[in-house]
Chemist: 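Could you have a look at this structure, given as structure tokens, before my questions?
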Amino acid sequence: MKVNQFPDRIIEIENKEYLYFGGTAYLGLPTHPEFKKLLIKNIMQWGTAYGSSRSANIQLTAYENGERFLANFIKAEAALTLSSGMLAGKLVIEALTPETDCFFHFPDTHTAIKSQNSLPFFIGEKTNPRLLDSEIEKITVLTDSVPSFHVQPIDLSILNLIPSNKEITLVIDESHSLGILGMNGCGIYSNINLPNVKRKIMVSSLGKAFGLTGGVIASDSEFINLIATHDTFVCSAGMNAAFVQTMADAENIYLQQHQKLKDNLNYINTHLSENEAILFDANYPLIYPEIEGINDVFTENKIIITNFKYPTDTKDLNRIVITANHTKEDLDTIIHLLNQNQF
């Protein structure tokens with residue numbers, strides 16, 4: 001299906017309007033009037049692009065403003081923006097490789113933070129015995145904050161089982177939790193307090209809930225300073241300066257939209273009937289219905305959800321995405337269909 005406008009809560013396909021419950025604009029910012037005004041204002045000041053290295057002699061204050069905001073918002077010592085979340089992840093892995101003896105990844109870890117020689121954290125149902133041996137080494141654990149097909153943040157308490165002879169660095173991709181989970185949408189980084197994790201590093205796309213093309217790395221100041229002098233960062237153009245400044249200017253909008261999203265999720269939680277075939281959590285804006293033929297029912301009722309098939313799976317994935325922009329009437333429509341017993 002091809003559309004000629006941003007797919008917000010309503011999209012038009014072949015001259016017909018449909019309710020849309022897909023995408024990743026969880027806070028509804030790409031079409032938010034005040035958010036767009038801020039962005040346009042900053043484009044007028046900072047231009048449409050700035051292709052110079054962040055290490056050049058001319059330094060734009062937009063980066064300082066936006067990165068200070070992000071560090072405070074995420075509750076990290078420091079943060080650094082990049083042109084994409086993918087670059088943020090790849091750069092972190094590149095920087096950690098020389099000082100990591102072995103990488104381990106949780107299931108379904110995003111490609112952005114995968115290391116070529118990484119080992120699975122689990123083998124079958126059990127923790128990889130390589131994590132529990134007596135060898136003294138530095139390891140890096142890679143994970144998404146909310147894995148695919150899940151609606152709750154990953155349980156990292158299992159890291160406490162790793163013996164103290166392993167020095168642990170944790171890298172967590174928060175592309176689908178920043179702006180959603182945590183206080184005011186700060187994500188889960190600040191709530192990770194595991195005694196045997198020496199360093200935690202958060203990476204995220206900013207093109208999801210935050211509504212702007214770019215990426216972020218957040219961690220302690222020492223690591224962020226290391227990244228800022230890394231060859232890949234120095235040789236790359238930065239995130240659009242107007243976008244970075246817009247984040248700093250839009251703090252109140254982020255908070256307002258996050259509250260709207262929470263209100264929508266609470267409304268669904270109150271009115272959606274319990275059903276083992278429907279995976280939903282009141283704190284997360286995705287619903288996974290495992291109901292035969294439901295995508296056809298939605299289409300018949302002028303509703304479009306995210307529908308696709310992973311190469312390794314035999315059946316279609318149906319994912320309902322709730323955003324801050326959905327109205328109570330929108331929610332009633334989809335709740336009514338999910339509550340029907342005909343499925």
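Since the structure is predicted, the reported quantities are computational estimates derived from the model, not experimental observations.
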Chemist: Keeping N72 on the side-chain end and R68 on the backbone end, is there a donor-acceptor pair under 3.5 Å?
Modeler: yes

Chemist: Please check: side-chain N/O of H105 versus main-chain N/O of T143, any donor-acceptor pairing under 3.5 Å?
Modeler: no

Chemist: Taking the six-membered ring for Trp, are H326 and F21 parallel (under 30°), tilted (30 to 60°) or perpendicular (over 60°)?
Modeler: parallel

Chemist: Indicate yes or no: at least one non-hydrogen side-chain atom of S190 is less than 4.5 angstrom from one of I74.
Modeler: no

Chemist: Checking H150 side chain against Q152 main chain: does a donor-acceptor pair fall under 3.5 Å?
Modeler: no

Chemist: Less than 4.5 Å apart, side chain to side chain, heavy atoms only: is that true for F104 and I162?
Modeler: no

Chemist: Given a cutoff of under 4.5 Å between side-chain heavy atoms of I, L, V, M, F, W and Y, with clusters grown through shared members, what are the other residues clustered with V234?
Modeler: none

Chemist: Would you please test D8 and T31 for side-chain hydrogen bond (donor to acceptor under 3.5 Å, both in side chains) and show each step?
Modeler: CA-CA 7 Å; D8 192 31; T31 60; 3.1 Å; yes

Chemist: Got I139 and L131 here, is their nearest side-chain heavy-atom distance under 4.5 Å?
Modeler: yes

Chemist: Are L261 and Y288 connected, step by step, through hydrophobic side chains (Ile, Leu, Val, Met, Phe, Trp, Tyr) whose heavy atoms are closer than 4.5 Å?
Modeler: yes

Chemist: Keeping the roles fixed (side chain from Y50, backbone from S53), state whether a donor-acceptor pair exists under 3.5 Å.
Modeler: no

Chemist: Taking ring-ring contact (aromatic ring centres under 6.0 Å, His included) as the test, write out the residues that go with H230, two or more places apart.
Modeler: none

Chemist: Between S118 (side chain) and K114 (backbone), is there a donor-acceptor pair under 3.5 Å?
Modeler: no

Chemist: Quick one: do the T100 and T140 side chains pair a donor with an acceptor below 3.5 Å?
Modeler: yes

Chemist: With sequence neighbours excluded, what pairs up with F73 under the ring-ring contact (aromatic ring centres under 6.0 Å, His included) test?
Modeler: F69, F210

Chemist: So how far is it from I278 CD1 to S273 OG, rounded to the nearest 0.5 Å?
Modeler: 8.0 Å

Chemist: Does any non-hydrogen side-chain atom of I168 lie less than 4.5 Å from one of V141?
Modeler: yes

Chemist: Verify side chain to side chain contact (heavy atoms under 4.5 Å, CB included) between L212 and T246, making sure each step is shown before the conclusion.
Modeler: CA-CA 9 Å; L212 295 162; T246 298; 4.2 Å; yes

Chemist: Provide the full list of ring pair (Phe, Tyr, Trp, His ring centres under 6.0 Å) pairs with a residue in residues 190-209, sequence neighbours left out, each pair given once.
Modeler: none

Chemist: Taking only Lys NZ, Arg NE, NH1 and NH2, and the carboxylate oxygens of Asp or Glu, determine whether K138 and D101 approach each other closer than 4.0 Å.
Modeler: no

Chemist: Has K75 got its NZ or CZ under 6.0 Å from the middle of the six-membered ring of Y189, at an angle within 45 degrees of the ring axis?
Modeler: no

Chemist: Any Lys/Arg nitrogen of E94 or K90 sitting under 4.0 Å from an Asp/Glu carboxylate oxygen of the other?
Modeler: no

Chemist: Just checking, is any N or O donor in the side chain of D263 or Q259 under 3.5 Å from an acceptor N or O on the other one?
Modeler: yes

Chemist: Donor-acceptor pair, distance only, cut-off 3.5 Å: does the side chain of D173 make one with the backbone of G89?
Modeler: no

Chemist: M247 and Y254: side chain to side chain contact (heavy atoms under 4.5 Å, CB included), yes or no, with the steps?
Modeler: CA-CA 9 Å; M247 286 188 294; Y254 285 127; 3.5 Å; yes

Chemist: Has T81 got a side-chain atom pairing as donor or acceptor with M239's backbone, closer than 3.5 angstrom?
Modeler: no

Chemist: Transitive ILVMFWY cluster of I224 at side-chain heavy atoms under 4.5 Å: who else is in it?
Modeler: L80, L82, L87, L91, V92, I93, L96, F103, I113, L142, V171, I201, V203, I217, F223, L226, I227, F233

Chemist: Got a sec: does the CD of E222 have more than 12 other heavy atoms crowding it under 6.0 Å?
Modeler: no

Chemist: Under 3.5 Å, is there a donor-acceptor pair linking the side chains of T327 and D330?
Modeler: yes

Chemist: Taking V146's backbone N and O only, do any of them form a donor-acceptor pair with D144's side chain (distance below 3.5 Å, no angle check)?
Modeler: no

Chemist: Ion pair present between R130 and E137, side-chain N to carboxylate O less than 4.0 angstrom?
Modeler: yes

Chemist: Suppose we screen for ring-ring contact (aromatic ring centres under 6.0 Å, His included). Which residues come up paired with F122, at least two apart in sequence or across chains?
Modeler: F106

Chemist: Is the side chain of N275 donor-acceptor paired with the backbone N or O of A277 at a distance under 3.5 Å, no angle test?
Modeler: yes

Chemist: Side chain of S148, backbone of D108: donor and acceptor closer than 3.5 Å?
Modeler: no

Chemist: Between K166 and D133, is there a side-chain N and carboxylate O pair less than 4.0 Å apart?
Modeler: yes

Chemist: Check this for me, if you would: do E174 and K208 make a salt bridge, where the nitrogen-to-carboxylate-oxygen distance has to be below 4.0 angstrom?
Modeler: no

Chemist: Side-chain contact test, heavy atoms from C-beta onward, threshold under 4.5 Å: evaluate it for I294 versus N318 and give yes or no.
Modeler: yes

Chemist: For atom CD1 of I136, is the number of surrounding heavy atoms from other residues, nucleotides or ligands below 6.0 Å larger than 12?
Modeler: no

Chemist: Between Y267 and H271, does the ring-ring contact (aromatic ring centres under 6.0 Å, His included) criterion hold? Intermediate values first, please.
Modeler: CA-CA 6 Å; Y267 185 83; H271 295 88; 4.2 Å; yes

